[in-house]
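Because the structure is a prediction, the values reported are computed rather than measured.
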Amino acid sequence: MDCLFCSIIAGDIPSTKVYEDEFCLAFRDINPQAPTHILIIPKTHLASADEITPENSAIVAHIFEVIPLIARKEGLTSYRLVSNIGPDAAQTVRHLHFHLLGGKQMGETLA
Ligand code: DGP
């Protein structure tokens with residue numbers, strides 16, 4: 001499958017990894033929008049959060065257990081999580097990912 005983030009998982013495209021285990025990978029966004037901007041992705045391909053089902057939701061629970069560990073490692077106790085779904089939300093990479101953004105005061109506007 002031609003997927004940029006699957007290629008990053010496979011190691012075919014380099015990335016700055018901050019966390020990895022059997023089920024997920026976290027790496028720094030190439031175009032950071034905050035002092036800390038990390039993408040957390042499942043190693044199994046899902047196009048977006050819109051594909052989460054009872055059969056695959058365990059990976060999301062796992063990612064949400066890992067996120068606080070990554071945040072602590074980055075020295076963050078306050079941060080924002082974002083997951084874009086589809087073109088209206090400006091999702092550019094069709095592999096489920098959570099943006100972890102922190103290290104600056106953010107505004108209240110989300111859209
Ligand atoms: P989204 O718009 O939610 O699909 O965000 C995709 C993010 O992926 C965007 O913030 C930039 C990032 N990105 C795109 N290509 C690469 C890449 O090759 N390496 C890394 N580290 N990040 C990438």
Side-chain angles (χ1 to χ4, degrees):
M1 181 192 302
D2 192 16
C3 168
L4 176 66
F5 286 175
C6 285
S7 298
I8 286 178
I9 291 164
D12 297 335
I13 293 174
S15 67
T16 306
K17 295 178 187 179
V18 298
Y19 178 91
E20 182 169 18
D21 65 26
E22 191 182 343
F23 305 108
C24 68
L25 174 67
F27 55 96
R28 297 198 188 279
D29 194 290
I30 205 167
N31 181 26
Q33 296 183 37
T36 296
H37 187 169
I38 290 167
L39 302 172
I40 305 100
I41 66 174
K43 287 192 171 175
T44 49
H45 183 89
L46 294 174
S48 77
D50 194 54
E51 293 192 351
I52 296 167
T53 65
E55 286 69 41
N56 63 28
S57 63
I59 182 58
V60 181
H62 177 72
I63 285 174
F64 272 72
E65 288 173 22
V66 162
I67 283 169
L69 306 179
I70 296 170
R72 295 303 172 277
K73 236 167 100 179
E74 295 291 313
L76 298 172
T77 52
S78 177
Y79 50 94
R80 180 171 286 169
L81 283 177
V82 176
S83 190
N84 297 322
I85 298 165
D88 283 1
Q91 183 183 7
T92 57
V93 181
R94 296 278 295 157
H95 183 124
L96 173 62
H97 53 281
F98 297 93
H99 297 258
L100 188 165
L101 299 145
K104 71 172 188 181
Q105 178 61 56
M106 283 176 257
E108 292 181 3
T109 308
L110 283 175

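- Pairs engaging residues 63-93 under the ring pair (Phe, Tyr, Trp, His ring centres under 6.0 Å) rule: F64-F98 [sequence neighbours left out].
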List the atom pairs, with distances to 0.1 Å, where a side-chain N or O of residues 101-111 and a protein N or O form a donor-acceptor pair under 3.5 Å, not counting sequence neighbours.
residue, atom, partner, partner atom, Å
K104, NZ, Q33, O, 3.2

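- Residues L100 and I41 are members of separate hydrophobic clusters, defined by side-chain heavy-atom contacts under 4.5 angstrom among Ile, Leu, Val, Met, Phe, Trp and Tyr.
- Taking CG of L4 as the reference point, atom CD1 of I13 lies at 4.5 Å (rounded to 0.5 Å).
- The side-chain contact (heavy atoms from CB on, under 4.5 Å) check on A49 picks up I52, S83, I85, L96, with sequence neighbours excluded.
- Listed for the H97 side chain is no donor-acceptor partner under 3.5 Å among the backbone atoms of N84.
- The shortest heavy-atom contact between Q91 and G86 is OE1-N, 2.7 Å.
- Put simply, the side chain of L39 does not reach to within 4.5 Å of the side chain of I8, judged on heavy atoms.
- Hydrophobic clustering keeps I59 apart from V93 (ILVMFWY residues linked when any side-chain heavy atoms are closer than 4.5 Å, directly or through intermediates).
- Distance check: R72 CZ to L69 CG gives 8.5 Å after rounding to the nearest 0.5 Å.
- By the salt bridge (Lys or Arg N to Asp or Glu O under 4.0 Å) test, K43 is found to be paired with E20, residues two or more places apart in sequence or in another chain being considered.
- With sequence neighbours left out, the ring pair (Phe, Tyr, Trp, His ring centres under 6.0 Å) criterion links Y19 to no other residue.
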Review item, side-chain donor-acceptor pairs of residues 23-32, under 3.5 Å, at least two apart:
residue, atom, partner, partner atom, Å
R28, NH1, E74, OE1, 3.2
R28, NH2, E74, OE1, 3.4
R28, NH2, E74, OE2, 2.9
D29, OD1, N31, N, 2.7
D29, OD2, H37, NE2, 3.3

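- In terms of hydrophobic clustering, with Ile, Leu, Val, Met, Phe, Trp and Tyr side chains grouped at heavy-atom distances under 4.5 Å, L81 and I63 are assigned to a common cluster.
- Annotation for D88: atom CG does not count as buried by contact number, only 12 or fewer foreign heavy atoms lying within 6.0 Å.
- Applying the salt bridge (Lys or Arg N to Asp or Glu O under 4.0 Å) test to every pair with at least one member in residues 48-66, sequence neighbours left out, gives no pairs at all.
- Annotation: side chain of I70 is in contact with side chain of I40 (closest heavy-atom distance under 4.5 Å).
- Transitive grouping of hydrophobic side chains (ILVMFWY, heavy atoms separated by less than 4.5 Å) keeps V66 and F5 in distinct clusters.
- The shortest non-hydrogen separation linking H95 to P42 is NE2-O, 2.8 Å.
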